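Have a look at the structure below before the remarks.
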Amino acid sequence: MSNFREIFDQHNWRDIKKSIYSKTAIDVQRALSKDKRDLEDFKALISPAAMPYLEQMAQLSHQLTQKRFGKTIQMYVPMYLSNECQNICTYCGFSLDNPMKRRTLNGAEILKEVEVIKKIGYDHILLVTGEANKIVGVDYFQKAMKIIRPHFSHISMEVQPLEQVDYELLMKEGLNTVLVYQETYHQEDYKLHHPKGKKSNFYYRLDTPDRLGRAGVHKIGLGVLIGLEDWRTDSFFNALHLDYLEKTYWRTKYSVSFPRLRPFSGGLEPKVVINEKELVQLICAYRIFNEEIELSLSTRESEKFRNNVIKLGITSISADSKTNPGGYAVESESLEQFEINDHRSTAEIREMIQAQGYEPVWKDWDMVYDER
Ligand code: SF4
């Protein structure tokens, strides 16, 4: 049975970092002039040597995105079902060691949230919980999905890593997409930021996309939490992971997100800061490396930044997000997982997208097509 960890273990963080930072202008020019790029080209595109080529990268990324996705932006909204969590993560407001009121939505409350979200116009929902298997385990998800499924054409999930058989069960209930971010591929730093709970098992998390691929899920979302470690090296490992998954589970689709560490109650300062120009570089590098990949940007980013990157390679965004359970209708005052940065309403985001000549899409068309 193939497994990404075998490939991961053949790579050394320090060597990869050195190789990225030693890329030259010639390597960048070569990467830009090719039709198909490999992981060495990706290294060049995310390297400091690529910064003078940012305008050229942005134009190419724009063209490639429009060729593959047209002038569309997919819209989704997160719905937090629970803030219970058995893990300690140094960067998250839901961490077990953060004294706060814990809340898990019951069936009636889920339905209330669904009604409000549907009225806003969404058809693609991202279900989010902390990681607390006993309170929000597979049984809870099955019950929640029975309530949610009739109202949405696409259901994504960002919860604790599960077993293959659990994913198979949830797919029967309507699960389409699972997001599972490795946070960082730097093993020592991973241990520092995840000192307690099931999430402290680096390899169990690393193996999760393999379990999802074997279950045959429609789409897998990958990403690292930018700010924990050197973003270039972490992004290379994420691209390595993506490359392996695409070749191994070729029927599954993939997306990459770019979460930057955001303030939260009692929060951690980023070890490494990525500035907005560098984040644009990273987005464009992914697009130039991989024309098929969906690239997603959440409300963690500012209004101005999100307006500017719509045309550069991003294919899906969230809006109107509440990052607390019950945040839309049931309990607007409960503690958020992190502070959002773009507070505009869905209607305002729709206008912004249309003003740029793009069309907001409320369904995942690929999924509708697959089901025919
Ligand atoms: S990041 Fe996830 S697992 Fe970690 S404390 Fe937050 S909710 Fe829990």
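Note that ligands are numbered from 1 as they come in the structure, with each ligand's atoms numbered from 1 the same way. Predicted model, so just to flag it, every value in this text is computed and none were measured.
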Option from Lys196, Arg205, Lys198 for which salt bridge (Lys or Arg N to Asp or Glu O under 4.0 Å) with Glu131 holds:
Arg205
Restricting to N/O/S atoms, is Cys89 within less than 2.8 Å of atom 6 (Fe) of ligand 1 or not?
no
Selection residues 19-41 - residue pairs positive for ring-ring contact (aromatic ring centres under 6.0 Å, His included), sequence neighbours left out:
none
Glu113: salt bridge (Lys or Arg N to Asp or Glu O under 4.0 Å) partners, not counting sequence neighbours
none
Proximity of Trp13 and Tyr185 rings by center, below 6.0 Å
no
Interfacing atoms of ligand 1 (cut-off 4.0 Å, heavy-atom, Glu131):
3 (S)
Against Asn238, only a single residue in Asp243, Thr233, Val224 fulfils side chain to side chain contact (heavy atoms under 4.5 Å, CB included); can you say which?
Val224
Within ligand 1, which atoms have a heavy atom of Gly130 less than 4.0 Å away?
7 (S)
Which of the ligand 1 atoms, numbered from 1, are nearer than 4.0 Å to a heavy atom of Cys92:
1 (S), 5 (S), 6 (Fe), 7 (S)
Under 4.0 Å from a heavy atom of Asn87: which atoms of ligand 1 are those, numbered in the order shown and with their elements?
3 (S), 5 (S)
Number the atoms of ligand 1 from 1 as they appear, then name those within less than 4.0 Å of a heavy atom of Ser95, with their elements.
5 (S)
Within a radius of less than 6.0 Å around NZ of Lys304, do more than 12 heavy atoms belonging to other residues, nucleotides or ligands occur?
no
Using a strict 4.0 Å cut-off to heavy atoms of Cys85, name the atoms of ligand 1 that fall inside it.
3 (S), 5 (S), 7 (S), 8 (Fe)
